[in-house]
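Notes for the one structure printed next.
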Number of protein chains: 2
Amino acid sequence: MTARRGGGPTMHDVGRLAQVSAMTVSRVLKNDPGVSEATRERVFAAVDRLGYRRNETARSLRLGGSGMIGLVVTNLANPFYSRLALGVQEVLTEHGFRMMLSNTGEQTEREPGLVDGLIDHRVEGLIVVPAGSRQQHLADAMRHVPVVLAARPPAGLDTDCVLVEDFHGAREATACLLAEGHTRIAFLGNPPALYTGAERLRGFWAAHEESGVEPDNTLIRQGLVDAATAERAALELLDLPEGPTALFCTNNRISQGAIRALYKAGTTLPLAGFDDFDLSDILGLPLTLVSYDADEIGRQAARLLIDRLGHRDAEPPASRRVTVPTRVIRYGPHGHPGGRAFGSTPPPTA
Amino acid sequence: MTARRGGGPTMHDVGRLAQVSAMTVSRVLKNDPGVSEATRERVFAAVDRLGYRRNETARSLRLGGSGMIGLVVTNLANPFYSRLALGVQEVLTEHGFRMMLSNTGEQTEREPGLVDGLIDHRVEGLIVVPAGSRQQHLADAMRHVPVVLAARPPAGLDTDCVLVEDFHGAREATACLLAEGHTRIAFLGNPPALYTGAERLRGFWAAHEESGVEPDNTLIRQGLVDAATAERAALELLDLPEGPTALFCTNNRISQGAIRALYKAGTTLPLAGFDDFDLSDILGLPLTLVSYDADEIGRQAARLLIDRLGHRDAEPPASRRVTVPTRVIRYGPHGHPGGRAFGSTPPPTA
DNA sequence: CTGTTAGCGCGTTCAG
DNA sequence: CTGAACGCGCTAACAG
C-alpha cells in the first residue's frame, strides 16, 4: 500500500523515468503507432517499475464518456436478477462497456436515489427493472441518458423495453391445469400494480375463459411480496371449506412459499407458476413451471441500450419492445384432480 | 436525452443562470453555511431548471478519492456470492462508499484483469473472493489499495481476511453422521487446491479419527466443480459394490448434484454438506447442513476494509483474521443406516 | 517521431 | 458573503 490519498504515480512520473513527455506515455499506452520502438520499451519499463496504472477517472473526464452503464435491480439475491445482471454484463463486456450495479434491496423508494447516483457517476446509459409503478424518476433520468426497461413496460415513458411473455406463459400453464380437469385453481399473485402481476392474472383468466370455466374470486390472492406472505395465503386457501384443487403462482418466491404451505398442510396439489427453480425436478410434486431465460432479458436489454448509444447524435430511433419467450416445463406426476400423496416420485415427465 | 457526448450542464451553466460564479454553486451544493439564503434559492432554482447533476467523476479527480470500493466474485448466480455482495453493499452504504462489482464468471484467469480494471477506476479498496490458488495479482493490487479476502485465507500475502469455520463445520456435520452409526461416508469435494475444499476435508477426516472410524479412501472424490460433475461422481459411488451409507458434500452445488443423483438412483441416503439452500427443509431427505450467514462475511469484510481505510496515513495495523460461525441444521427423518424410502416426510427436526 | 498548449468539471486556497 | 486563480490526470489538436 504505497498510495497516499489521491496518490499513485502519474503519466508525468512515468515520463520522467522514461525520459519522455507525458504525452508520449499516453501514446504508448494507447498503442498509437507513431512511437519509436526504443521509446515504447523505455516507457513500458518505467510503467512496470512504478506499477503505473492509467487513471480511468481522469480519462473519462477528458474523453467525456465513462464507458459505464448502470443497472438497477431490486434484489440480487433473487436468481432472476442475478441472472439478468450476468446477461447484461456479458453483452456490455463484448462492447467494451463496464457495468455499475445498484440494488434497491426491495426498498422501492430508494430507486430514484440510486438512479441519480448512477447519473452523477456519468453512466452513459441505464438498464432498470422498475420496482414500483411510479416512473417519473426515469423520465428525469432520460433527460441525461438513454434508459432501457427490463421485465416491465414503460408507463408514461417513451423508451425501449424487454418483456417476458407474461400473458402467454400464464395462459399456457393455467391451460395445462384446466386440461387436467381442474376447475378450482387458486391464484397467488404479487401486487397487481406490478405489470407482471396484472399480466399473469390476465393470462390465468383468459385460459379459464377459453375453457369455459368460471374463475372463483374467493381463490384469488394478490399482493404477495415474498415466500412468507405466499405461504400464509396458501395455508388460508387450503383451509377453506371449498378449497382449490390446484395452485397458480406468479413467481418463484411465491411458488416456494406455496410449496412450503402444501408441505406443512401435509397435502399435495398440482402447482403451476412462473419461474423454474433449483431442484424443482426432484421435489416429486406435480409442477407446471413457466420457464424463461433471465440472462437473455439482460442480454437483450444491453443490446438495445448499446444500439441506442450508437445513434447518440442522430435522430433517436422509435422506441422498441423486445419479447423473451417462455416455455412450459412439467415435473413430477400428473393426472386428474385429487392426485396422490406427497412423495410418490417417478422420474420427471419433461 | 438532451445530453451530447460529454454534455450536460456544468456548474458554470448553473452559475450563469443563477447570476453567480461556479464557486458559489459549488458551495450551495456542498451545504456550505457561508451562503446567503437568497442566492441559495436562486442556485437551487437554476439546478432544477437545468436538471443539473454534479459530476462525480470530476469530483473524485479533484478530491483524490473515488468513494468506491471493488468487489470481485466468481459467480453472482450462486446465492453465496450474491448474499455476500449484499452484505458488502450494506456496510459500504452506511459509510458513504459505493461498490463496484466484478464477476469472473468462473474464469479464474480473468481475475487479475478484473482487479486491474477496478484499480484503474481508482477504487479505494478491494474485497476479493480469490478463485484460484495463485494470488500474485493480489500482491500487486496491494501496492495500490488495501485488499481484504473473503472466504479464503491469504496465500503468501499479508492482509485481512474473513473466514468461515470450515474445519469446525465439516467436523460437526460429519460427526452427526458418525454418531448415527455410519462408517462408510462418501466425501464429495471441490478441488483441494481451494482452501475451503482442503479445510472441509480436514474436518471430515478429524471427525472420523475422533470416532475411531477409518475413512475409506475409495469413497473420497475431490475436484468437483459444479452440480453436474458432482452428480456424476455421486452416481459412480452409489454404483459401487461396497457403496457409502451416507454422503458429505462440501458446498451447495455439490449437494444439489448429489441429491439429484440419489433421486435418479431411486435411493435415499443421509446427506451432510456445507450451505443451506432453498427448500432444503421440505425435500423430505435426511439432511445435515452446515449453515452460515454469507451476508455476514460480506459485512465483516467491508468493515475490515473501511477500518483499514481509516488508518491510511498511519502505520497500517497488523493483518486480522475474522471468523464467521457455522451452525448445523438437520432436516427430514434421521435414524440408523439403511434409512427409509425417498419421500417419507415428517416435519423438520430443527 | 515527439513536445506544448489547453481544458474536461470540480474544489481548495486565498483575496476581496 | 463571494469570486479568481490554479491544478487533479489525462488527451485532442496543433506545433516542431
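Not measured: the values here are computed from a predicted model. Labels below follow one simple rule: chain letters A, B, ... track the order of the sequence lines, proteins then strands, and each chain is numbered from 1.
- Note on residues 41-52 of chain A: no pairs pass side-chain hydrogen bond (donor to acceptor under 3.5 Å, both in side chains), not counting sequence neighbours.
- The salt bridge (Lys or Arg N to Asp or Glu O under 4.0 Å) test applied to A:D116 returns B:R53, not counting sequence neighbours.
- Remark: C1' of D:dG9 and CG of A:L50 are 15 Å apart, rounded to the nearest angstrom.
- In this structure A:E94 satisfies the side-chain hydrogen bond (donor to acceptor under 3.5 Å, both in side chains) test with no other residue, sequence neighbours excluded.
- The side-chain hydrogen bond (donor to acceptor under 3.5 Å, both in side chains) test with A:D140 singles out one residue from A:H137, A:Q136, A:R143, and that residue is A:Q136.
- In terms of phosphate contacts, B:T39 brings a side-chain nitrogen or oxygen within less than 4.0 Å of OP1 or OP2 of D:dT2.
- Taking the salt bridge (Lys or Arg N to Asp or Glu O under 4.0 Å) definition, one finds that A:E56 meets it with A:R59, sequence neighbours left out.
- Residue B:S60 places no side-chain N or O under 4.0 Å from the OP1 or OP2 atom of C:dC10.
- Between B:T57 and C:dC10 there is no side-chain polar atom (N or O) within less than 4.0 angstrom of OP1 or OP2.
- The CG-P distance, from B:L61 to C:dG7, rounds to 17 Å in whole Å.
- For A:E37 and C:dC1, the CD to P distance is 10 Å, given to the nearest whole Å.
- Here the side chains of A:R308 and A:H311 are not in contact, with every heavy-atom distance at 4.5 Å or above.
- Residue A:L84 forms a side chain to side chain contact (heavy atoms under 4.5 Å, CB included) with just one option from A:D293, A:L71, A:D295, and that option is A:L71.
- A 4.5 Å side-chain heavy-atom check between B:S66 and B:E124 finds at least one atom pair inside the cut-off.
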Heavy-atom contacts, protein to nucleotides 10-15 of chain D, under 4.0 Å, summarised as B (base), S (sugar-phosphate only) or - (none) per nt, yield BBBB--
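- At its two ends the helix from C:dC1-D:dG16 to C:dG16-D:dC1 runs along axes set 40° apart, each axis drawn from five pairs and the angle rounded to 10°.
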